[in-house]
Peer 1: 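My questions all concern the structure below.
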Amino acid sequence: MSNPNPPDSSGPPQRHELRESRLTQSQAQIWIGQQLAPAAPLYNTAFTFRIHGAIDEDRFERAFRQCVNDCDALRTVFAENRDGPCTVVRPDLVVPLERVDVSNSAHPAQDAARLVAERCRRPFQVGERLLDAILIKLSANDNLWFLNQHHLITDARSTVLLYRRVAAEYEALLDGRDDLSELPAYYPTVAAMKVPENAAAVAREHWAPRTDTGLRSTPLYGRDAKATGTASSRMTLELIE
């Protein structure tokens, strides 16, 4: 396995201002959970996308960086000020897209799986950056894009949007275009959305039976109690357009 490319500080020109704001209720809950277990990757949301076909790696990296530059959520970190924890949208956050080539390995898929498993377990430093990405070359026509984000800045829906945006940026670069419209600011847009009136009741109904049990089940009839942990099972799904 080759070493990843060293981080490159170059990237799209920055045109944003530093912005701070208070945490949303959901962010506050996640932030507190992470503070209680700072060394655990509790809220890592990692995906791998298998890309069949040759990739122009330079253009793919440019597309990824342009997407980070255009999306304020991806440039968000978390800090504390006099009023408590806050979000900080940085104008100058550069997220490297590491490149790893395992195509000459005897077992490229296994090597890639070990790398992905190791990176999934790395906890994010919430004050530095909350996004990690690797482009893994399995063969000349087979690549794996590893994308890991902290749950503070993402959910399942936004991951789909990010995937589509990077793909659109990449296709535009292949066509020699640079005319994609800039993404609207995420947090002000979400803050302006109306919450359904029954949202709180639905949430309570969902979580009530799940909060009745503790972190460890009670041993019965000589059976050992099973401790819960932070690990989760990975699933592989085929995406068909």
Side-chain angles (χ1 to χ4, degrees), residues 4-5 8 11-12 16 26-27 30 41 43-77 89-90 93-102 109 112-113 115-122 124 129-139 141-187 189-190 193 232-241:
N5 288 354
D8 180 5
H16 309 284
S26 296
Q27 286 176 328
I30 296 172
Y43 301 104
N44 286 12
T45 55
F47 294 84
T48 53
F49 301 98
R50 192 76 172 263
I51 305 173
H52 299 288
I55 284 183
D56 185 323
E57 294 183 359
D58 291 338
R59 284 190 172 90
F60 190 89
E61 181 171 3
R62 285 178 58 193
F64 173 75
R65 290 191 175 186
Q66 185 61 53
C67 188
V68 173
N69 186 60
D70 287 345
C71 181
D72 62 342
L74 301 181
R75 290 181 283 105
T76 296
V77 296
V89 180
R90 290 181 49 181
L93 184 63
V94 175
V95 179
L97 176 68
E98 294 185 13
R99 304 182 198 177
V100 176
D101 187 348
V102 296
L115 173 61
V116 167
E118 187 274 327
R119 293 296 276 265
C120 287
R121 292 192 293 267
R122 288 189 185 181
F124 283 107
R129 63 181 171 94
L130 299 172
L131 179 65
D132 186 25
I134 315 173
L135 185 62
I136 307 173
K137 183 178 181 180
L138 301 174
S139 69
N141 294 299
D142 198 3
N143 297 272
L144 199 67
W145 177 28
F146 168 76
L147 178 67
N148 188 17
Q149 302 172 82
H150 196 288
H151 195 26
L152 279 166
I153 64 168
T154 191
D155 54 24
R157 175 59 179 166
S158 60
T159 299
V160 174
L161 298 177
L162 173 57
Y163 175 89
R164 291 176 176 172
R165 180 70 180 195
V166 172
E169 293 278 6
Y170 179 70
E171 291 179 2
L173 290 172
L174 288 179
D175 294 338
R177 296 183 290 109
D178 189 18
D179 56 357
L180 292 183
S181 58
E182 187 172 354
L183 294 170
Y186 178 77
Y187 293 109
T189 302
V190 172
M193 296 174 64
S232 57
S233 301
R234 295 186 60 79
M235 300 179 63
T236 300
L237 302 174
E238 183 176 356
L239 302 181
I240 301 177
E241 290 290 343

Peer 1: Can you tell me which residue among L131, T48, D132 is in a side chain to side chain contact (heavy atoms under 4.5 Å, CB included) with L147?
Peer 2: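 Running side chain to side chain contact (heavy atoms under 4.5 Å, CB included) over L131, T48, D132 with L147 returns exactly one hit, L131.
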Peer 1: Please report the shortest heavy-atom distance between L144 and A112, naming the atom on each side.
Peer 2: CD2-CB, 4.2 Å
Peer 1: Give me the atom names and distance for the closest heavy-atom approach of V68 to L93.
Peer 2: CG1-O, 4.1 Å
Peer 1: Starting at CG of N69, measure out to CZ of R75 and round the result to the nearest 0.5 Å.
Peer 2: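 That separation rounds to 6.0 Å.
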Peer 1: Using salt bridge (Lys or Arg N to Asp or Glu O under 4.0 Å), reason through D142 and K137 one step at a time and then give a plain yes or no.
Peer 2: CA-CA 7 Å; D142 198 3; K137 183 178 181 180; over 6 Å; no
Peer 1: Taking R90 for its side chain and V77 for its backbone only, find out whether a donor-acceptor pair lies under 3.5 Å.
Peer 2: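 No, because the side chain of R90 does not come within donor-acceptor range (under 3.5 Å) of the backbone of V77.
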Peer 1: Below 4.5 Å, heavy atoms only, C-beta onward: do Q149 and N44 meet side chain to side chain?
Peer 2: no
Peer 1: List the residues meeting salt bridge (charged side-chain N to carboxylate O under 4.0 Å, His left out) with R177, not counting sequence neighbours, and say none if there are none.
Peer 2: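 Scan of R177 (salt bridge (charged side-chain N to carboxylate O under 4.0 Å, His left out), adjacent residues dropped) gives D175, D179.
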Peer 1: Nearest heavy-atom pair of I136 and V102: which atoms, and what distance?
Peer 2: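 Where I136 meets V102 most closely, the heavy atoms are CG2-CG2, 4.0 Å.
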Peer 1: When rounded to the nearest 0.5 angstrom, what distance separates CZ in R119 from CD in E98?
Peer 2: 4.0 Å
Peer 1: For E61, is there an ion pair with R99 - N to carboxylate O distance below 4.0 angstrom?
Peer 2: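 Yes, charged N to carboxylate O under 4.0 Å.
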Peer 1: Give the minimum heavy-atom separation between F146 and A46, together with the two atoms involved.
Peer 2: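 Looks like CE1-CB, 3.9 Å.
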Peer 1: In Å, rounded to the nearest 0.5 Å, how long is the span from OG of S139 to NE2 of H52?
Peer 2: 9.5 Å
Peer 1: Mind checking the CD-CG spacing from E169 to L174? Nearest 0.5 Å is all I need.
Peer 2: 11.5 Å
Peer 1: With distance as the sole test, does T76 use its side chain to make a donor-acceptor pair with the main-chain N or O of V89 at under 3.5 Å?
Peer 2: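 Not confirmed, T76 side chain does not pair with V89 backbone.
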Peer 1: Can you list the steps and then say if L138 with R50 is a side-chain contact (heavy atoms from CB on, under 4.5 Å)?
Peer 2: CA-CA 10 Å; L138 301 174; R50 192 76 172 263; 3.3 Å; yes
Peer 1: Closest heavy-atom contact between A133 and F64?
Peer 2: CB-CZ, 3.6 Å
Peer 1: Quick check for you: to the nearest 0.5 Å, what is the distance between H151 atom NE2 and F124 atom CZ?
Peer 2: 13.0 Å
Peer 1: Under 3.5 Å, side chain of D155 to main-chain N/O of R157, donor-acceptor pair present?
Peer 2: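 It does hold such a pair.
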Peer 1: Mind checking whether L97 and R65 have side chains closer than 4.5 Å, heavy atoms only?
Peer 2: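 Of all side-chain heavy-atom pairs linking R65 with L97, none is under 4.5 Å.
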Peer 1: Would the distance check show the side chain of T154 and the main-chain N or O of H150 forming a donor-acceptor pair, the cut-off being under 3.5 Å?
Peer 2: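 No: the side chain of T154 does not pair with the backbone of H150.
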Peer 1: Would you say the side chain of N148 lies within less than 4.5 Å of the side chain of F47, judging by non-hydrogen atoms?
Peer 2: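 In short, these two side chains do not touch, never coming nearer than 4.5 Å.
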Peer 1: Could you pull out the closest heavy-atom pair between Y170 and D56, with the gap in Å?
Peer 2: OH-N, 2.9 Å
Peer 1: Hey, what's the ring geometry for W145 with F49, parallel, tilted or perpendicular (30° and 60° as the breaks)?
Peer 2: tilted
Peer 1: Can you tell me how far CD1 of I55 sits from CG of N143, rounded to the nearest 0.5 angstrom?
Peer 2: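 The CD1 atom of I55 is 4.0 Å from CG of N143, to the nearest 0.5 Å.
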Peer 1: Is the shortest heavy-atom distance from the side chain of V166 to the side chain of C67 under 4.5 Å?
Peer 2: yes
Peer 1: L135 versus F60: any side-chain heavy-atom pair under 4.5 Å?
Peer 2: yes
Peer 1: Checking R121 now: which residues fulfil salt bridge (charged side-chain N to carboxylate O under 4.0 Å, His left out) with it, not counting sequence neighbours?
Peer 2: none
